[in-house]
Amino acid sequence: MKPTIGITMGDAAGIGPEIIMKALGHQEMYDQCNPLVIGDAKILERVLPVIGSSLNVNAIQEPSEAKYEFGTVDVIDLNLVPADLEYGKVSAVAGDAAFQFLAKAIDLAKKQQIHSICTAPLNKEALHQGGHLYPGHTEILADLTDTQDFSMMLTTPNLRVIHLTTHMGLIDAIASINPERTYTVVKLAHDTLKKAGFENPRVAVCGINPHAGENGLFGNGEEEEKLQPGIERAQKEGINVVGPLPADTLFFRAGRGDFDIVVACYHDQGHAPIKVMGIEEGVNITVGLKGGIIRTSVDHGTAFDIAGKNIADDKSMLAAIRSAIELAPKDQG
């Protein structure tokens, strides 16, 4: 059966509503999943003439009321945003609404009424003005699911990368890596792909130093101290993982199909290859959330400067929905 993908509208003053409606104007989305928007029906309706769309909006309160028919966009209508909300302006109302859309999606995911969450962008300033002091989506998801061990995964059509560390300086990132974190992220990578239908996910771990340390010639034994014990622990549990491997060739090998996912040690080690191989179709994914909840997201912001002008491209939203479909647990309808 097709998975039900909950698509949160994000900040109503940004391009979220526009790219959602553009994406759901593609028949393939309905061929592959049951899309269910969580947001505001009147805001979705007002973008239709902007983008020249003939879609209909079906405002509902429960997923059971959805039609899931191409040509009609089903939306859990929380009715939190005024119809005359100005495009491209920071708004406390829109910031609070973006939070409530995500909170509703998390609730639906916990009840298994949706099988993955796909988020349109929110604006951090608006979020804060709305009374929700989080850095962004990931931290809200972690808090509302009571999750401590999670990771960021990035994907393009030919590459998947998951990170040991993300938003910290390089020296701090290396210092924070330890065998426990290595094991945790390797297992997250394995479990996420396993649930998505990969029979025996092939995981490869990047080295920290050039040439993965080359047996002690480079660095101070970081691979042996911080990575190898976690890898060996995972191997003993039957996880198909190898490494540490030199990063300068690993991403090429993964891109040609040797591995299903790469574990990157720090932000730029993982982000740079993703951006080179497919920045327009890049997807940001949060994995490891309690309850097995998968969240995918567009890899761009609210773009207030072009909101409401029919300029926004839906490629990243299409890619994010496809990833939500791919990673949705296959044992659910």
> Are there more than 12 heavy atoms of other residues, nucleotides or ligands under 6.0 Å from atom CD of Gln27?
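Result for CD/Gln27: enclosed.
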> Side chain to side chain donor-acceptor pair (under 3.5 Å): which pairs involve residues 54-69, sequence neighbours left out?
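Matches after skipping sequence neighbours: Asn58-Asp74.
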> Just wondering, more than 12 heavy atoms not from Ile171 lying within 6.0 Å of its CD1?
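Incorrect, the count does not exceed 12.
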> I need the minimum non-hydrogen distance between Cys206 and Ala247, along with the two atoms involved.
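Here Cys206 and Ala247 meet closest at SG-CB, 3.9 Å.
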> Do Met168 and Ile174 share a hydrophobic cluster, counting only Ile, Leu, Val, Met, Phe, Trp and Tyr and linking them when any side-chain heavy atoms are less than 4.5 Å apart?
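No, Met168 and Ile174 fall in different hydrophobic clusters.
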> Can you confirm whether Pro244 sits close enough to Ile208 that some side-chain heavy atom of one is under 4.5 Å from a side-chain heavy atom of the other?
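No. Closest side-chain heavy atoms not under 4.5 Å.
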> Got Val241 and His190 here, is their nearest side-chain heavy-atom distance under 4.5 Å?
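With C-beta onward as the side chain, the pair stays apart.
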> Could you check if a side-chain atom of Leu85 sits within less than 4.5 angstrom of a side-chain atom of Arg46, using non-hydrogen atoms only?
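The answer is yes; the side chains approach within 4.5 Å.
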> Does Asn215 have more than 12 heavy atoms from other residues, nucleotides or ligands lying within 6.0 Å of its CG?
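Check fails, neighbour count at 12 or below.
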> Is it true that, when you exclude Lys42 itself, more than 12 heavy atoms of the residues, nucleotides or ligands shown sit nearer than 6.0 Å to its NZ?
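Atom NZ in Lys42 is crowded, with more than 12 foreign heavy atoms closer than 6.0 Å.
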> Could you state the interatomic distance from OG1 (Thr165) to CD (Gln269), rounded to the nearest 0.5 Å?
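Spacing of OG1 (Thr165) from CD (Gln269) equals 8.5 Å.
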> Could you walk me through whether Leu327 and Leu193 pass side-chain contact (heavy atoms from CB on, under 4.5 Å), step by step?
CA-CA 7 Å; Leu327 295 173; Leu193 295 190; 4.1 Å; yes
> Do Lys309 side-chain atoms and Asp305 backbone N/O form a donor-acceptor pair below 3.5 Å?
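Looks like yes, one N/O pair under 3.5 Å.
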> Can you name the residues that form a side-chain contact (heavy atoms from CB on, under 4.5 Å) with Ala120, not counting sequence neighbours?
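In terms of side-chain contact (heavy atoms from CB on, under 4.5 Å), with neighbours along the sequence ignored, Ala120 is linked to Ile20, Met317.
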> Do any pairs count as a salt bridge (charged side-chain N to carboxylate O under 4.0 Å, His left out) and have a residue in residues 140-159, sequence neighbours left out, and if so which ones?
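For residues 140-159: Asp146-Lys290.
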> For a quick test of reading the model, state the closest non-hydrogen atom pair linking Val186 to Ala234 and the distance between them.
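Result for this residue pair: CG1-CB, 3.8 Å.
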> May I have all residue pairs that pass ring-ring contact (aromatic ring centres under 6.0 Å, His included) and include part of residues 28-48, sequence neighbours excluded?
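Those involving residues 28-48 are Tyr30-Phe70.
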> For a side-chain contact (heavy atoms from CB on, under 4.5 Å) check, start with the C-alpha distance between Thr72 and Leu55, then their side-chain angles and the critical distance, and finish with the verdict.
CA-CA 6 Å; Thr72 297; Leu55 294 173; over 6 Å; no
> List the residues meeting ring-ring contact (aromatic ring centres under 6.0 Å, His included) with His267, not counting sequence neighbours, and say none if there are none.
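Expected list: His167, His271.
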> Enter the distance from Asp11:CG to Phe304:CZ here, rounded to the nearest 0.5 Å.
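Interatomic distance, Asp11 CG to Phe304 CZ, rounded to 0.5 Å: 4.0 Å.
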> Holding to side-chain contact (heavy atoms from CB on, under 4.5 Å), I want the full list of residues that pass it with Val47, two or more places apart in sequence or in another chain.
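In terms of side-chain contact (heavy atoms from CB on, under 4.5 Å), with neighbours along the sequence ignored, Val47 is linked to Pro17, Met21, Tyr87.
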> Let me check something: do Val205 and Phe252 share a hydrophobic cluster, defined by ILVMFWY side-chain heavy atoms less than 4.5 Å apart, either directly or through other members?
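Shared cluster, no.
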> For the side chain of Asp77 and the backbone of Ala59, is there at least one donor-acceptor N/O pair under 3.5 Å apart?
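No, Asp77 side chain to Ala59 backbone: no donor-acceptor pair under 3.5 Å.
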> Kindly work out whether a path of hydrophobic side-chain contacts (I/L/V/M/F/W/Y, heavy atoms less than 4.5 Å apart) joins Phe150 to Leu144.
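Phe150 and Leu144: separate clusters.
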> Between His137 and Asn284, is there a side-chain donor-acceptor contact under 3.5 Å, judged purely by atom types and distance?
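No pair is found: no donor N or O on one side chain lies under 3.5 Å from an acceptor on the other.
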> Test salt bridge (Lys or Arg N to Asp or Glu O under 4.0 Å) on Asp191 and Lys195; report intermediate values, then the result.
CA-CA 6 Å; Asp191 291 352; Lys195 289 177 182 176; over 6 Å; no
> Please answer whether the main-chain N or O of Ala324 pairs with a side-chain N or O of Ser116 as donor and acceptor at a distance below 3.5 Å.
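Between the backbone of Ala324 and the side chain of Ser116 there is a qualifying donor-acceptor contact (under 3.5 Å).
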> Is there a side-chain contact between Ile7 and Leu24, using heavy atoms and a 4.5 Å cut-off?
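Yes, close enough: below the 4.5 Å cut-off.
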> At their closest point, which heavy atom of Val283 faces which heavy atom of Ser323, and how far apart are they?
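Between these two residues, the closest heavy atoms are CG2-OG, 3.8 Å.
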> Could you pull out all residues at least two apart from Pro179 that satisfy side-chain contact (heavy atoms from CB on, under 4.5 Å)?
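For Pro179 the side-chain contact (heavy atoms from CB on, under 4.5 Å) partners, ignoring immediate neighbours, are Pro229.
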> Evaluate the side-chain contact (heavy atoms from CB on, under 4.5 Å) criterion for residues Leu48 and Val57: first the C-alpha distance (whole Å), next the side-chain angles of each, then the deciding distance (0.1 Å), finally the verdict.
CA-CA 10 Å; Leu48 294 175; Val57 175; 4.2 Å; yes
> Is the shortest side-chain heavy-atom distance between Val75 and Met9 below 4.5 Å?
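A side-chain contact is absent here, since even the closest heavy-atom pair is not under 4.5 Å.
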> Would you say that more than 12 heavy atoms from the other residues, nucleotides or ligands in this model lie under 6.0 Å from the NZ of Lys226, or not?
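Yes.
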> Give the other cluster members for Phe218, using side-chain heavy-atom distances under 4.5 Å between Ile, Leu, Val, Met, Phe, Trp and Tyr residues; answer none if it is isolated.
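Same cluster as Phe218: Leu217.
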> To the nearest 0.5 Å, what is the distance between CD on Gln113 and CG on Leu108?
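Output value for this atom pair is 5.5 Å.
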> Measure the CG-SG distance between Leu164 and Cys265 for me, rounded to the nearest 0.5 Å.
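Answer rounded to 0.5 Å: 5.0 Å.
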> Please name the pair of heavy atoms, one in Lys194 and one in Glu199, separated by the smallest distance, quoted to 0.1 Å.
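Shortest heavy-atom contact: NZ-O, 2.6 Å.
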> Assigning hydrophobic clusters by single linkage (Ile, Leu, Val, Met, Phe, Trp, Tyr; side-chain heavy-atom cutoff under 4.5 Å), is Leu102 placed with Val90?
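Unlinked, Leu102 and Val90 end up in two clusters.
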> Is the shortest heavy-atom distance from the side chain of Ile294 to the side chain of Val287 under 4.5 Å?
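A side-chain contact under 4.5 Å exists here.
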> Go through the structure and list residues passing side-chain contact (heavy atoms from CB on, under 4.5 Å) with Asn310, not counting sequence neighbours.
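Counting only residues at least two positions away or on another chain, Asn310 forms a side-chain contact (heavy atoms from CB on, under 4.5 Å) with Glu18, Lys22, Val50, Ile51.
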> Whether the side chain of Thr296 engages the backbone of Ala320 through a donor-acceptor N/O pair (distance < 3.5 Å, no angle test) should be reported.
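Judged by distance alone, yes, a pair lies under 3.5 Å.
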> Please, which pairs that meet side chain to side chain donor-acceptor pair (under 3.5 Å) have at least one residue in residues 200-213, sequence neighbours excluded?
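Qualifying pairs: Arg202-Asp260, Asn209-Glu222, Asn209-Glu223.
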> Who are the ring-ring contact (aromatic ring centres under 6.0 Å, His included) partners of His132, not counting sequence neighbours?
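Checked His132 against ring-ring contact (aromatic ring centres under 6.0 Å, His included); matches are Phe99.
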> Just wondering, are more than 12 heavy atoms of other shown residues or ligands nearer than 6.0 Å to CG in Asp258?
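Counting other residues, nucleotides and ligands, CG of Asp258 exceeds 12 neighbours.
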> State, yes or no, whether a side-chain contact exists between Gln129 and Ser91 at a heavy-atom distance under 4.5 Å.
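Not touching, per the 4.5 Å side-chain cut-off.
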> Evaluate His26 against Asp314 for side-chain contact (heavy atoms from CB on, under 4.5 Å), listing each step before the verdict.
CA-CA 10 Å; His26 294 262; Asp314 64 345; 3.2 Å; yes
> Do you know the tightest heavy-atom contact between Ile293 and Thr145?
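For Ile293 and Thr145, the tightest heavy-atom pair comes out as CD1-CG2, 3.9 Å.
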> Taking all non-hydrogen atoms of both residues into account, name the closest pair between Ala105 and Ile38 and its distance.
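Heavy-atom minimum between the residues: CB-CD1, 4.1 Å.
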> If I take atom CE from residue Met153 and atom CZ from residue Arg295, how far apart are they, to the nearest 0.5 angstrom?
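Separation between the atoms: 12.5 Å.
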> How long is the straight-line distance from CD1 of Ile117 back to CD1 of Ile285, given to the nearest 0.5 Å?
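Spacing of CD1 (Ile285) from CD1 (Ile117) equals 13.0 Å.
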> In this structure, would Tyr134 and Val93 fall into the same cluster of hydrophobic residues linked by side-chain contacts under 4.5 Å?
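No, Tyr134 does not connect to Val93 through the hydrophobic network.
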> Show me the pairs that pass side chain to side chain donor-acceptor pair (under 3.5 Å) and involve residues 173-185, at least two apart or across chains.
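Every pair satisfying side chain to side chain donor-acceptor pair (under 3.5 Å) with a residue in residues 173-185: Glu180-Arg233, Tyr183-Glu237.
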